[in-house]
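Notes follow once the structure below has been shown.
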Amino acid sequence: MRSGDADIRSLCGVGEQRARALARLGIRTVGDLMYFFPKDYIALRDIPPVHKASHGEKTSLVGTVVSAVRVNRPRPGFSVSTAAVDGDRGRAECVWFNKPYLKTTLRQGSRWLFIGTLDTRMGALRILNPVMESLDDGAPAPILPQYRLARGLTQKALRALVRQGLTRAARETLPPSFRKRYELAERGFALENIHFPVNAEALGFARRRLAFEELLMYVIALRSQREMRAGGSGVVMRVLDEELTRFTDGLPFPLTGAQRRVLREIARDMASPAAMNRLVQGDVGSGKTVLAMAALYIAARSGMQGALMAPTEILAEQHRRTAEALLVPHGIRVGMLTGGMRAAERRVALAALAEGAWDVVIGTHALIQPGVVYRSLGIVITDEQHRFGVAQRAALGEKGARPDMLVMSATPIPRTLALILYGDLDISLVDELPPGRRPVITRIVPGRKRDDMYRYIAERLVAGEQAYIICPLVEDSEKVDSLSATGLYEELVRGALRNVSVGLLHGRMAASDKEALLARFRLGEMRALVATTVVEVGVDVPAASIIVVENADRFGLAQLHQLRGRVGRGQTQSWCFLAPGEAGEDAMRRLSVMAATCDGFAIAQKDLEMRGPGEFLGQQQAGMTDPRVLALLRDVRILAEVREAADRLFEAGADPAEREAILTEALGAYEERMRGIVFN
Ligand code: ADP
Ligand code: MG
């Protein structure tokens, strides 16, 4: 939803039925329609006419349908429709598979442009599965947009609606001086040309303008939020060096050099009266948790409360155990607050926070609900930040008077992107793994080797090792998800893994059951855990040394890297088996990246190259930027330009009118999106 947006039914020709069809594409307003960009374009100039094309080539044909469409059904469930077309340069046949309904569309005598693949094998000229454009209303545009369709809509109808929408003047959001400096087209021109480009160059300008604006508004919103938090007095939390040493000496291991450096950065920020806004980036397994614990320790020692928010209950519970081991021995009082708690427990927790009976609280989203009041919140830490939007981060920050904010990210991302996504944060890098880690050996297991794999795993489990076996989320249905994990579980306990104890863990189980199961796995009583991606983030069972990812092709690289990070945490050589389902070539290329390296930053870089910056960024975002617009981003260099533009706007010498105009737009857009995020 964008500001000043009219309902889609305000367009001519959109009644209830068509509105429903459009809603299936996520289009409810005229603004939605304007941002429903073509998935592809056909440039007529680039397509040879049928008499110049050769077999197997893309070709075009302009002509009249000379007889009714013939539909053959050579076998059940399969139909072939053929139209004879009298072309401007001779006759040809157009052939479609499984589109019998074309019979009603392609009326005898109607004129069309057909674009498809030329087939000359049968002697006659045939065009296979062409897309078509009606020519009865005149010549087509030189570049034809192709939209994703839903039942009840045609390209032609959608295009007519878009044209109609475009006649409503697009509001300009960027001042002319700014547009000129960064060579950005006007917004009206951009929207017009993203749908109906006059040429390739205009399309390029349109993409640039829209993607630039989207990123700019995001970065500006982040920055101004930070400006608002800056200045004035935040909390000063300082401990003596000896006191911090008491904490580090109590750890079961010496900190790595990188951990020590980042801890110094954190301690310095906490001691300063300015509010901390720091991101700790580090590869999975680099030991970020202990840094969070150290920050909580410093806060508690300074008489302030600290909150640690995790994206799942499992992870929150794990952090509570860590806090119990690392903080409680120092007399720090630790509590827990999650959504799954009973009312009575919750009341106790709320009272403890309000009265200051707890120094540290660990929890989930429940920590940022209205009604949760802290006595003296000094620091807020969010773990696995990529799972939380900026909005949640901000909401937790509002619980105290300018608390310090520390964000732990598990997804390594290339620096250029980090500067945009986390433009409001200082970045600390934990770029060293604890000693003794051996890279996880990763194998792609084809279907025919799957049984061998499970036999091998069974042997290792009997010999004392432990394994995670992961099933993907199927579509977005929780039900199907837990079912498929259930199905695999049943297959394994009856089959390959019948001689070892196996557990089943999925998101729909009660929190206490999950925890009980995980506890048994942690103790080694349970040797294998069939699980959904509930274990993806943060789960730390150092003894586990094998992970299988079923249908691995369904996961993104970042997710696979996270999953693989569950193993390789102890001294034993660990293994990761990626079992693709019916993976296509693209999926296999992605999986081979996993087999080639264990370095999260290298994987992220590859991911970025393979998917392009738009899609990559879109996935990192919890709803703050518009993935449809980010998808327009073709050129990574725009990121640096946006960053530079934002820097300039916040400089002392910036043109105040320009700055004001852009800030107003950015905050407006940001606020709207904030409202769209539900806290639950
Ligand atoms: P992540 O950075 O992925 O959150 P964790 O904080 O869960 O990683 O740490 C991974 C594992 O490494 C944990 O079992 C933790 O106890 C261990 N660990 C952390 N720091 C060190 C260290 N300096 N030396 C040895 N082991 C460490
Ligand atoms: Mg972690």
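None of these values were measured; they are calculated from a predicted model. Note that ligands are numbered from 1 as they come in the structure, with each ligand's atoms numbered from 1 the same way.
At least one N/O-N/O distance between Gly287 and ligand 1 falls below 3.5 Å. An N or O contact shorter than 3.5 Å links Pro254 to ligand 1 by distance. Of the polar atoms of Pro434, none of the N or O atoms is found under 3.5 Å from an N or O of ligand 1, judged by distance alone.
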Please walk me through it: do Glu432 and Arg437 pass salt bridge (Lys or Arg N to Asp or Glu O under 4.0 Å)?
CA-CA 11 Å; Glu432 183 184 349; Arg437 294 278 171 82; over 6 Å; no
Mind running salt bridge (Lys or Arg N to Asp or Glu O under 4.0 Å) on Arg268 and Glu265 for me, showing each step along the way?
CA-CA 5 Å; Arg268 195 189 48 212; Glu265 290 166 353; 5.5 Å; no
The test is salt bridge (Lys or Arg N to Asp or Glu O under 4.0 Å); show your working for Asp540 and Arg321 and say whether it passes.
CA-CA 11 Å; Asp540 182 42; Arg321 297 161 56 96; over 6 Å; no
For Arg566 and Leu529: C-alpha separation, side-chain torsions, deciding distance, then whether side chain to side chain contact (heavy atoms under 4.5 Å, CB included) applies.
CA-CA 12 Å; Arg566 295 314 110 219; Leu529 211 51; over 6 Å; no
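Contacts of Arg460 classified as side-chain hydrogen bond (donor to acceptor under 3.5 Å, both in side chains), with partners at least two apart in sequence or in another chain: Tyr456, Glu465.
Residue-ligand proximity, Thr289 to ligand 1, at heavy-atom distances under 4.0 Å covers atoms 4 (O), 5 (P), 6 (O), 7 (O). Near Val284, with a cut-off below 4.0 Å to any heavy atom, the atoms of ligand 1 are 3 (O). With ligand atoms numbered from 1 in the order given, ligand 1 contributes 11 (C), 13 (C), 14 (O) to contacts under 4.0 Å with heavy atoms of Asp540. Here is the list of ligand 1 atoms found below 4.0 Å of a heavy atom in Thr256: 23 (N).
Assignment of Arg437 to the shell around ligand 1 is supported, since a heavy atom sits closer than 4.0 Å. The closest approach between a heavy atom of Gly285 and any atom of ligand 1 is below 4.0 Å.
With a 4.0 Å cut-off on non-hydrogen atoms, Met408 does not touch ligand 1 at all. Contacts between Arg569 and ligand 1 below 4.0 angstrom, taking non-hydrogen atoms only, involve the side chain exclusively.
With Asn277 contributing its side chain and Leu425 its backbone, the two residues share no donor-acceptor pair below 3.5 Å. Under a 3.5 Å cut-off, the side chain of Thr597 and the backbone N or O of Asp599 do form a donor-acceptor pair.
A salt bridge is defined here as a Lys NZ or Arg NE, NH1 or NH2 lying under 4.0 Å from an Asp or Glu carboxylate O, and Glu243 with Arg238 fails to meet this definition.
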